[in-house]
Amino acid sequence: MPPLGRMLDAGWRALAYCLMPQVIWLSLLPLLLAVTVLGGLAWWGWGDGVAWVRALLDGWSVSQHVLSALDNWGLSQLRMAVAPLVLVLVVIPLVVVMCLLLVAALMTPALVKLVVRRRFPALQSRHQASVWLSLWWSLRATVLALLALVLSLPLWLVPPLAVVLPPLIWGWLTYRVLVFDTLADWATPQEREHLLRTHRPTLLTMGVIAGYLGAAPAALWALGVLALALAPFILLLSVWIYTLVFAFAALWFAHFLLPALSALRAEASSPEPLTPLVAAGEPS
């Protein structure tokens with residue numbers, strides 16, 4: 001099967017796996033964690049947090065100008081809502097991102113094991129990368145991607161490059177991280193490097209497509225004023241959609257790389273063709 005065919009085959013398999021109860025549960029886990037943590041914060045520290053934010057705003061000259069402008073516009077009733085709104089806008093993203101990172105660290109190994117159990121039960125684990133090595137790999141790739149983003153900022157002034165460069169950079173980051181996480185507990189470093197080198201164009205293409213899909217939750221914020229009014233709910237919904245995209249990307253890479261790893265091992269273990277021992281021209 002050509003590389004495009006293998007990529008498409010892995011894609012529809014990943015899409016089908018996203019409908020499985022295990023994958024849906026993993027995608028809902030960050031939401032449940034976020035709601036639990038936010039509920040605990042609201043129960044134990046909401047009043048103190050609002051009072052602290054209000055005192056902070058009272059001592060800031062810029063916020064006083066904003067509050068005075070609200071009074072002049074006849075919107076003085078909004079003064080009491082400013083501090084809770086600021087607290088919500090600060091706390092919710094932090095809690096959601098922390099929960100998302102926690103689940104993401106657990107999601108890829110669970111999804112890879114799901115694919116192995118259903119499609120490759122005979123696949124043996126020949127190497128298990130440590131958690132610290134996985135973190136170092138992801139951190140190094142993230143730093144390089146952020147450096148590339150910063151260095152490419154002047155090129156964003158050119159409209160076509162502004163649409164192309166960020167997905168390329170995030171696509172490179174996605175493929176580097178997911179390739180390592182997918183093969184961390186199954187392939188040796190030599191096998192991983194061979195698969196990276198052999199399938200680099202296809203893997204990079206998959207990463208770029210996943211990068212574009214990861215931008216889909218941002219479309220929810222195009223609702224304008226309604227988005228501001230429903231900010232906490234839209235934020236949770238966007239995180240759920242992003243988690244589904246992450247699950248799809250992890251499954252996509254797993255369905256592509258695990259067959260490639262299995263084929264690589266089968267090729268390596270196949271016996272060499274026998275060399276004829278009879279010299280040419282002699283009767284057998």
Side-chain angles (χ1 to χ4, degrees), residues 1 3 5-34 96 98-135 137-138 141 171 173-189 191-192 194-196 198-199 202-207 209-211 213-214 216-217 239-266:
M1 187 182 297
R6 293 198 299 269
M7 185 179 71
L8 294 177
D9 177 76
W12 77 259
R13 290 179 184 273
L15 192 60
Y17 271 55
C18 286
L19 301 178
M20 292 184 174
Q22 303 97 310
V23 180
I24 295 176
W25 162 247
L26 286 174
S27 69
L28 291 174
L29 191 55
L31 298 183
L32 297 177
L33 286 175
V96 169
M98 287 189 296
C99 294
L100 183 60
L101 291 176
L102 176 62
V103 173
L106 303 175
M107 179 177 284
T108 301
L111 295 176
V112 173
K113 289 179 181 178
L114 176 64
V115 176
V116 171
R117 185 171 65 250
R118 293 179 64 91
R119 293 190 61 194
F120 307 98
L123 187 65
Q124 296 180 354
S125 173
R126 295 184 179 177
H127 177 79
Q128 289 189 345
S130 65
V131 176
W132 297 111
L133 180 59
S134 178
L135 290 175
W137 182 280
S138 300
L173 175 62
T174 300
Y175 110 84
R176 291 289 294 184
V177 172
L178 285 182
V179 166
F180 185 90
D181 290 344
T182 299
L183 301 175
D185 294 335
W186 301 96
T188 63
E191 290 173 332
R192 184 175 62 244
H194 177 81
L195 293 176
L196 265 172
T198 305
H199 304 287
T202 305
L203 294 171
L204 181 57
T205 301
M206 294 166 58
I209 295 175
L213 292 176
V239 168
W240 180 58
I241 296 175
Y242 182 79
T243 309
L244 279 177
V245 171
F246 181 87
F248 170 77
L251 287 167
W252 196 9
F253 276 80
H255 280 292
F256 184 89
L257 287 169
L258 293 178
L261 176 62
S262 181
L264 176 64
R265 290 182 179 178

Worked check of side chain to side chain contact (heavy atoms under 4.5 Å, CB included) between Val116 and Leu258: CA-CA 8 Å; Val116 171; Leu258 293 178; 3.6 Å; yes
Audit row: His194, Leu264, side chain to side chain contact (heavy atoms under 4.5 Å, CB included) steps and yes/no: CA-CA 9 Å; His194 177 81; Leu264 176 64; 3.5 Å; yes
Intermediate values then yes/no, side chain to side chain contact (heavy atoms under 4.5 Å, CB included), Leu196 and Arg176: CA-CA 9 Å; Leu196 265 172; Arg176 291 289 294 184; 3.9 Å; yes
Steps toward side chain to side chain contact (heavy atoms under 4.5 Å, CB included) verdict (Met20, Leu114): CA-CA 10 Å; Met20 292 184 174; Leu114 176 64; 4.1 Å; yes
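Residues satisfying the side-chain contact (heavy atoms from CB on, under 4.5 Å) criterion with Ala129, sequence neighbours excluded, are His127, Leu133, Phe180, Ala184. When the side-chain contact (heavy atoms from CB on, under 4.5 Å) test is applied to Arg119, the partners found at least two apart in sequence or on another chain are Arg13, Tyr17, Val115, His255, Pro259.
Side-chain contact between Cys18 and Leu251 is present, with at least one heavy-atom pair separated by less than 4.5 Å. Annotation: side chain of Leu257 is in contact with side chain of Leu203 (closest heavy-atom distance under 4.5 Å). Ile209 is not listed as a side-chain neighbour of Met206, based on a closest heavy-atom distance of 4.5 Å or more. Residues Thr108 and Phe246 have side chains in contact (heavy-atom distance under 4.5 Å, counting atoms from C-beta outward). Between Arg6 and Thr202 the shortest side-chain heavy-atom distance does not fall below 4.5 Å.
Closest non-hydrogen pair, Met107 versus Ser27, comes out as CE-N, 4.1 Å. The shortest heavy-atom contact between Leu111 and Leu26 is CD2-CD1, 3.9 Å. Shown here for Thr182 and Ala250, the closest heavy-atom pair between the two residues is OG1-O, 4.5 Å.
No cation-pi contact links Arg265 to Trp186, judged by a cut-off of 6.0 Å to the six-membered ring centre and 45° from its axis.
Aromatic ring centres of Trp252 and Phe248: separated by under 6.0 Å.
To the nearest 0.5 Å, atom CZ of residue Phe256 and atom CG of residue Leu178 are 13.5 Å apart.
Remark: the backbone N or O of Ser134 is paired with a side-chain donor or acceptor of Ser138 at under 3.5 angstrom. With hydrogens and angles disregarded, a donor-acceptor distance shorter than 3.5 Å links the side chain of Ser125 to the backbone of Asp185.
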